[in-house]
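Proteins come first, then strands; the chains are lettered A, B, ... in the order of their sequence lines, and each starts at number 1.
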2 protein chains.
Amino acid sequence: MKSSLKQIASELNLSTAAVSKALNDYPDISKNTKKRVNTYVKKIGYQPNTHARFLRTKKSQTIALILPNTTDSLLSTIAEDILVKAEYLGYNILVSCSKESEEIEKRLVNRFLQQKVDGIIMSLSSTTSDYSHLVDIQSNTTTLVLFNTTARTVNCNRVYLNDKEAALNATNHLIANGCSQIAHFRGPLTPQNSIDRYLGYREALNSSKLPFDSEKILLAEKGNAEEGYTLAKTLYNKKITIDGLFCFNDALALGAMRFFNEKGVKIPKDISIMGFGNSNISAYSSPSLSTVDHEISTMGAKIMEVFLDEEQSKKENEEIVVKKILLKNKVIARESTLK
Amino acid sequence: MKSSLKQIASELNLSTAAVSKALNDYPDISKNTKKRVNTYVKKIGYQPNTHARFLRTKKSQTIALILPNTTDSLLSTIAEDILVKAEYLGYNILVSCSKESEEIEKRLVNRFLQQKVDGIIMSLSSTTSDYSHLVDIQSNTTTLVLFNTTARTVNCNRVYLNDKEAALNATNHLIANGCSQIAHFRGPLTPQNSIDRYLGYREALNSSKLPFDSEKILLAEKGNAEEGYTLAKTLYNKKITIDGLFCFNDALALGAMRFFNEKGVKIPKDISIMGFGNSNISAYSSPSLSTVDHEISTMGAKIMEVFLDEEQSKKENEEIVVKKILLKNKVIARESTLK
DNA sequence: AATAGTTACTAAATCGTTTTAGTTTATCTT
DNA sequence: AAGATAAACTAAAACGATTTAGTAACTATT
């Protein structure tokens with residue numbers, strides 16, 4: 001029933017040390033003994049006790065994944081890929097949710113450092129503005145990989161979208177389709193991705209010599225459909241005239257579209273709408289939503305790759321090189337922008 | 001830097017045993033000593049090594065959460081609640097994804113049993129038809145809580161929707177709004193929730209003396225918007241006349257709606273559409289989608305409650321009573337059914 | 001004053017691994 | 001044949017907590 005090295009050792013008339021070494025392929029164990037041990041172990045389905053092993057090795061084969069929320073379509077897609085890849089590699093993944101709170105995020109990081117996880121993979125909360133906890137992680141020799149919502153000023157592994165370029169492309173797509181008065185529902189003020197998308201939008205206006213109008217910038221704190229609906233209503237009630245709208249994400253865009261549909265504003269004839277992220281549902285709204293896609297399907301794999309690289313370097317005592325991986329983007333033109 | 005009982009003990013001129021007992025509030029430690037220990041521990045931010053503790057207590061303070069996927073809106077909402085609650089209670093959550101595969105699900109269960117997690121919280125994969133692994137969990141005295149996609153034939157804790165009743169209500173809502181030829185996009189064949197929603201649909205037809213037509217039942221394996229679109233196209237091309245459609249979930253309904261919108265079929269005038277689950281986006285489609293809501297916001301809390309109850313019973317050596325918790329449902333009538 | 005009973009600790013074993021430092025036996029040198 | 005070398009093990013410590021059994025120093029009882 002309960003199997004341990006001790007039990008196996010007594011069964012095979014060996015010491016626990018010999019069994020342990022056989023399983024870990026030490027050179028001072030005979031081939032014959034290794035075979036005996038391995039076949040017996042397979043037969044009874046023995047698996048080493050990870051806690052006991054940790055006590056000696058300090059390797060937990062565990063990665064902490066900290067997400068600001070689990071409901072965002074992009075995050076949950078990436079999370080799934082990480083989970084599947086990690087499982088395949090024999091890692092356990094501890095998942096925690098910071099609820100977009102800097103305080104909780106810091107508490108979680110602290111806890112995982114105490115618990116000595118091998119690494120922390122994290123998308124920053126939208127309210128995080130101080131990065132001291134990230135520095136803590138690095139000085140603890142715990143591997144850190146940031147993704148999606150990352151920190152520019154901290155020199156650590158990052159896998160992220162080229163938010164500025166993608167936003168530039170999105171806005172340019174609106175301009176190319178005849179829009180000249182383009183509003184932007186921007187994301188929260190602190191996170192880098194939100195800032196970058198805003199900057200991309202501004203750069204697009206600039207390079208086409210379109211005037212910038214701060215009235216056309218609305219702040220979305222939550223980034224869900226409900227908020228998109230409300231912000232569209234705000235624009236409408238203030239009678240701010242626009243012919244294009246670029247949103248921080250698809251959910252905002254869908255909410256806004258719903259409002260305009262309700263008011264009889266024609267999309268894309270009166271207003272063209274661009275989302276961001278190419279969420280599952282975006283192709284199936286009415287009208288279907290134009291958006292920017294990001295090879296999200298490769299992101300999870302790339303995150304794990306960066307993580308494993310650093311673990312490998314640490315094991316071999318090589319110098320650690322920080323990796324910064326930028327994903328490509330592609331405008332997906334659908335009905336909401338094609339007149 | 002690295003704190004352990006030993007280090008604290010030497011600092012306070014105590015034995016490790018005394019420190020451990022002080023922290024665990026043993027009666028044979030003086031109040032004064034307890035206070036000394038607790039204040040010092042707080043000062044240096046000591047947290048016990050969970051692995052070392054496990055070795056003695058066999059309690060890992062860890063729960064495994066196994067999901068068939070992480071992208072489904074319902075699952076990710078519940079997952080977030082569980083994560084937050086667990087964090088608050090000091091539990092770690094190991095999350096894994098079975099990718100809707102019975103084989104992976106069984107492998108994961110096996111692994112977590114070997115790892116001696118305190119409990120397993122799981123939504124079954126849609127392809128799981130053999131439940132021997134669930135019995136394994138129970139005979140391992142590991143606490144098991146199933147939710148959402150559950151097994152009827154295994155006597156274990158369940159927190160689930162009253163799928164049959166909810167489907168009955170949804171279908172009745174269509175009938176009450178004048179539909180008599182109602183199609184159903186049903187979920188996969190094996191899972192209980194899919195079967196129950198189908199049975200609820202049939203019962204509604206029955207009790208209103210409406211004829212049942214197997215041609216109007218289409219099977220959705222994946223349950224996403226793309227599939228909803230495809231199935232609607234199938235119905236349309238086969239020229240199967242319907243005036244109502246009840247879908248296994250909102251994503252299917254939204255996909256179908258998109259198809260009918262494209263073809264100029266008027267919703268709800270020509271066809272009324274009901275979803276299931278009240279996903280975030282359902283209120284913001286055009287037309288907005290009628291659906292069935294389930295107090296999902298309470299589900300995570302209820303799951304944790306059931307888990308903690310069983311843990312408590314085990315600790316006190318009480319008899320274990322299996323809990324089966326059924327969530328209430330409510331039809332949300334929106335534009336897609338209101339003529 | 002001798003015995004019993006409390007109080008507040010400590011010593012040491014234990015959990016299941018890994019790893020260092022031997023130890024035994026056989027084989028090879030010279 | 002004695003010493004060195006190699007092969008294939010074993011013994012025991014260590015990781016950091018918990019817990020059982022024991023003990024010293026008091027206090028209470030008779």
[X] side chain: which of [options] is closest?
| X | options | value |
| --- | --- | --- |
| A:Leu14 | D:dA17, D:dT10, C:dA11 | D:dT10 |
| A:Asn49 | D:dA17, C:dT17, D:dT19 | C:dT17 |
| B:Ala52 | C:dT10, D:dG16, D:dT10 | D:dG16 |
| B:Tyr46 | C:dT17, D:dT19, D:dA17 | D:dA17 |
| A:Arg53 | C:dT19, D:dT18, C:dT17 | C:dT17 |
| A:Thr57 | C:dT18, C:dT10, D:dA8 | C:dT18 |

Problem - Pair of N/O donor and acceptor under 3.5 Å linking C:dT17 base with A:Arg56 side chain - result: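 When only heavy-atom distances are counted, A:Arg56 does not reach the base of C:dT17 through any donor-acceptor pair under 3.5 Å.
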Practice task
Could you tell me whether the side chain of A:Lys59 has a donor or acceptor atom within less than 3.5 Å of a complementary atom in the base of C:dT18?
Solution key: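 When only heavy-atom distances are counted, A:Lys59 does not reach the base of C:dT18 through any donor-acceptor pair under 3.5 Å.
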Using whole Å, what does the distance between atom [atom2] of nucleotide [N] and atom [atom1] of [X] come to?
| X | N | atom1 | atom2 | result |
| --- | --- | --- | --- | --- |
| B:Phe54 | D:dC15 | CZ | P | 21 Å |
| A:Ile29 | C:dT19 | CD1 | P | 13 Å |
| B:Asp28 | C:dA11 | CG | C1' | 14 Å |
| B:Lys21 | D:dT18 | NZ | P | 12 Å |
| A:His51 | C:dT18 | NE2 | P | 14 Å |
| B:Leu5 | D:dC15 | CG | C1' | 13 Å |
| B:Asp25 | C:dA8 | CG | C1' | 15 Å |
| B:Lys31 | C:dC9 | NZ | C1' | 17 Å |

Handout entry: Pairing of A:Arg111 and B:Glu87 as salt bridge, 4.0 angstrom limit
Key =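 Salt bridge flag = yes for B:Glu87 with A:Arg111.
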Problem - Lys/Arg-Asp/Glu bridge criterion (N-O < 4.0 Å) met for B:Glu311, B:Lys59 - result: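 Yes, B:Glu311 and B:Lys59 are salt-bridged.
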Exercise for the section: Select base, sugar-phosphate, or nothing to describe what B:Thr50 touches, counting heavy atoms under 4.0 Å on all strands. Expected result: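 Nothing: the residue B:Thr50, judged by heavy atoms under 4.0 Å, touches no strand.
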Does [N] have its OP1 or OP2 closer than 4.0 Å to a side-chain nitrogen or oxygen of [X]?
| X | N | result |
| --- | --- | --- |
| A:Ser20 | C:dT18 | yes |
| B:Ser4 | D:dG16 | no |
| A:Thr33 | D:dA8 | no |

Problem - Polar contact flag, side-chain donor to acceptor under 3.5 angstrom, B:Glu80-A:Asn69 - result: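 Side-chain D/A pair, B:Glu80 to A:Asn69: absent.
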Problem - Centroid-centroid under 6.0 Å between A:Phe307 and A:Tyr91 rings - result: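 For A:Phe307 and A:Tyr91, the ring centres are under 6.0 Å apart.
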Handout entry: Identified side chain to side chain donor-acceptor pair (under 3.5 Å) counterpart of B:Thr150 within the set B:Arg158, B:Lys324, B:Gln192
Key =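 Among B:Arg158, B:Lys324, B:Gln192, the one that satisfies the side chain to side chain donor-acceptor pair (under 3.5 Å) with B:Thr150 is B:Arg158.
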Handout entry: Closest-nucleotide 5' rank along DNA chain D - winner of A:Val19 and B:Ala17
Key =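 Result: A:Val19.
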Exercise for the section: Between A:Ala18 and B:Lys58, name the one whose nearest nucleotide on DNA chain C is closer to the 5' end. Expected result: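 In this pair, the answer is B:Lys58.
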Practice task
Determine the minimum heavy-atom distance between A:Ser60 and A:Lys116, stating which atoms define it.
Solution key: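 The pair with the smallest heavy-atom distance is OG-O, 3.3 Å.
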